[in-house]
Amino acid sequence: ITLINHTPVESFAGSFDGDGYTVDISSSFGLFASTTASAVIKNVNTTGEITGKITENTENLVADDFGFPVGAIVGDNKGTIENCTNAASVYGLKWIGGIIGQGSGGIVTGCINKGKVSSYRAYIGGIVGYNSGATIKSCGNTGLITTLNDTGNVGGIVGQQQTVAAITECYNNGTIIAPDFAGGIVGNLNVSVPSINNCFNAADVTITKASKINVGGIIGKINVEAAEKADSSAHIYNCYNVGTITSSAGNVSDEKAIYGDFTTTAPKFASCYYLGEATEVAKEGIAAKTSTELEELNSSDAGWNFTDVWGSYNGEENYKYPVLKTIGFIVEAGSKIAPIYISNAEEFAAMADSSKYYAVSDDFTITSDSYQPIAFAGKLDGQGHTITLDITTSWENATVPVASKANIGLFSELSGNYEIKNLNLAGEFNAINSNAKTGSLGNLGVLAGAIAEKSNGTLKDCVSSVDLS
């Protein structure tokens with residue numbers, strides 16, 4: 001079915017079984033505005049666009065405008081949510097989640113978010129934006145989780161964790177980008193006796209604000225002093241990270257690959273690992289393991305259950321590390337694990353406006369007939385291949401103006417957290433003034449005409465022998 005600008009049910013207390021069907025939503029709300037503790041919602045899929053009454057124009061926002069919780073399934077949840085999948089884009093002002101905006105209680109299990117989730121303020125999560133009471137088990141995220149402003153508290157599973165309720169057997173395989181407070185599982189951990197176990201992050205997590213270190217593969221920031229558990233056991237255990245964790249100062253290492261900054265006393269960790277060479281780590285319970293060591297994790301590693309919880313990935317993609325039996329592991333095309341391969345000019349042009357991962361699989365040529373100047377915010381690995389340019393174009397063909405001027409290059413403009421590496425460029429690139437305009441025509445470069453303001457991208461090991469005129 002399709003819902004357009006619908007009025008969602010508030011305080012839903014009944015049972016809703018989607019029976020595996022999909023609801024396409026084009027509205028300010030998800031399926032339900034709120035639920036009570038007796039509610040059960042299960043087996044429903046969502047697609048479309050959910051806006052939270054917010055448009056791209058934020059000029060009228062004021063400081064005390066806090067918005068309302070928005071999630072594709074429920075805005076504010078106290079009930080049970082089971083086996084739901086979201087592929088809709090979800091955005092709003094605050095408390096935004098792929099499945100649930102605010103988890104005030106209840107249980108969330110077996111849910112997957114594939115859609116982009118973003119907010120203009122804070123508390124953004126692939127599953128729950130702001131969690132003040134929900135137990136979360138066997139959930140995963142593959143969508144891009146990010147902010148649209150200078151905010152934070154962004155996580156692959158939970159944006160801000162404000163409850164002792166457990167997060168267990170969850171994974172993130174979606175890119176996380178925020179100015180501050182970003183984690184593969186939890187962006188900001190704000191509870192003294194947390195419980196996070198048997199979780200992993202396989203995607204890149206990046207913060208962009210200068211001089212900040214609140215970024216981690218599992219937790220971005222631990223914001224309160226941890227209290228001892230009654231049985232003195234670990235708060236966070238049997239977790240691993242293989243994603244690249246980046247702050248504005250560059251890639252981070254050691255314990256920061258698991259958690260970022262902490263206030264006073266960090267929680268107790270046990271059997272948590274990150275991909276790297278063995279080094280001395282300041283936090284007990286966190287250790288580096290090589291790729292081979294992570295591949296060979298088994299039940300002999302303290303607490304790791306390879307009978308019921310962990311297993312091997314059996315998909316076609318080259319993912320070598322343990323995955324969760326209870327939820328599986330979804331690898332989306334265009335993810336770091338499964339880049340989209342580029343072997344000709346048409347496939348190259350299809351990257352326009354994308355933030356996905358790409359890899360060049362063969363040398364190819366772009367001619368004047370196939371050339372399109374495209375904007376790009378994704379990741380491109382040239383893998384040592386060469387793109388030969390045989391291009392003559394005019395300034396009037398430039399499609400991306402900046403301050404009334406045009407950008408011309410292989411890419412018209414690079415923005416966001418772009419990354420281009422291991423790429424060779426050869427041939428000729430000529431930009432002609434076909435209408436004999438005078439004055440400054442715009443920006444011209446072989447690789448890119450311009451790099452957008454507030455970008456946080458990188459260029460690495462790229463070589464050009466192109467004749468440019």
Side-chain angles (χ1 to χ4, degrees), residues 58 61 63 66-67 91-98 101-102 116-132 141 143-162 172 174-191 194 196 201 203-226 236 241 243-264 266-267 274 355 377 415-419 452-458:
T58 60
L61 295 182
F66 291 104
Y91 64 96
L93 190 58
K94 201 173 184 180
W95 304 301
I96 310 300
Q102 178 167 323
K116 176 182 177 180
V117 183
S118 55
S119 167
Y120 289 100
R121 291 262 164 84
Y123 312 133
I124 312 116
I127 302 300
V128 179
Y130 183 92
N131 189 25
S132 57
N141 173 65
L144 170 65
I145 314 297
T146 188
T147 62
L148 302 172
N149 211 325
D150 193 23
T151 56
N153 297 27
V154 178
I157 301 300
V158 173
Q160 174 144 323
Q161 177 76 351
Q162 198 78 20
N172 176 61
T175 300
I176 312 294
I177 304 172
D180 203 3
F181 299 99
I185 302 299
V186 175
N188 189 14
L189 185 65
N190 202 36
V191 58
I196 301 174
N201 174 60
D204 293 349
V205 184
T206 301
I207 59 172
T208 58
K209 188 174 286 186
S211 304
K212 296 294 183 179
I213 55 173
N214 301 314
V215 59
I218 304 300
I219 304 164
K221 173 68 180 285
I222 300 165
N223 214 28
V224 297
E225 185 171 348
I236 299 156
N241 170 60
T244 300
I245 312 303
T246 308
S247 71
S248 58
N251 293 357
V252 302
S253 59
D254 298 342
E255 75 271 20
K256 295 292 186 287
I258 295 294
Y259 71 95
D261 201 8
F262 62 93
T263 301
T264 305
Y274 64 92
S355 58
S415 63
N417 285 75
Y418 70 87
E419 179 183 71
E453 291 185 18
K454 297 185 178 180
S455 296
N456 193 47
T458 59

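None of these values were measured; they are calculated from a predicted model. Along the sequence shown, residues carry numbers from 1.
Taken from CD1 in Ile124 to OG in Ser118, the straight-line distance is 7.5 Å, to the nearest 0.5 Å. For the atom pair Asp204 CG and Ile177 CD1, the distance stands at 8.5 Å (nearest 0.5 Å). Atom CG of Asn131 and atom CG of Asn188 lie 12.5 Å apart (nearest 0.5 Å). Note: Trp95 CH2 to Tyr123 OH = 8.0 Å, rounded to the nearest 0.5 Å. A distance of 9.0 Å separates CD1 in Ile207 from CZ in Phe181, rounded to the nearest 0.5 Å. One finds the NZ atom of Lys94 at 9.0 Å from the CG atom of Asn153 (value rounded to the nearest 0.5 Å).
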Could you please spell out the steps behind the side chain to side chain contact (heavy atoms under 4.5 Å, CB included) verdict for Asn190 and Gln160? CA-CA 7 Å; Asn190 202 36; Gln160 174 144 323; 3.7 Å; yes

Pair Val205, Val154 - check side chain to side chain contact (heavy atoms under 4.5 Å, CB included), show working. CA-CA 10 Å; Val205 184; Val154 178; over 6 Å; no

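Looking at heavy atoms from C-beta onward, Ser132 lies in side-chain contact with Gln102 at the 4.5 angstrom threshold. You'll find the side chain of Ile196 reaches within 4.5 Å of the side chain of Ile219, heavy atoms only. Within the 4.5 Å cutoff, the side chain of Ser355 has heavy atoms near those of the Leu144 side chain. In this structure the side chain of Pro267 reaches within 4.5 angstrom of the side chain of Ile222, judged on heavy atoms. With contacts defined as side-chain heavy-atom distances shorter than 4.5 Å, the pair Tyr259/Ile218 does not qualify. Looking only at side-chain heavy atoms (C-beta outward), Tyr120 and Thr147 stay at 4.5 Å or farther from each other.
When all heavy atoms of Ser247 and Val215 are compared, the closest pair comes out as CB-CG1, 4.2 Å. Heavy atoms only, all atoms of each residue included: Gly184 and Asn172 are closest at O-CB, 3.1 Å. For Ile96 against Ser119, the heavy-atom pair with the smallest separation is CG1-CB, 3.8 Å. The two residues Ala182 and Thr206 have their closest heavy-atom pair at CB-O, 4.3 Å. The heavy-atom pair separating Val191 from Gln162 by the smallest distance is CB-C, 4.3 Å. The heavy-atom pair separating Gly174 from Ala203 by the smallest distance is O-CB, 3.4 Å.
Side chain of Asn201 to main chain of Asn241: no donor-acceptor pair is present (N/O by atom type, distance under 3.5 Å, no hydrogens or angles). Looking at Thr146, its side chain never comes within 3.5 Å of a backbone N or O of Ala178 through a donor-acceptor pair.
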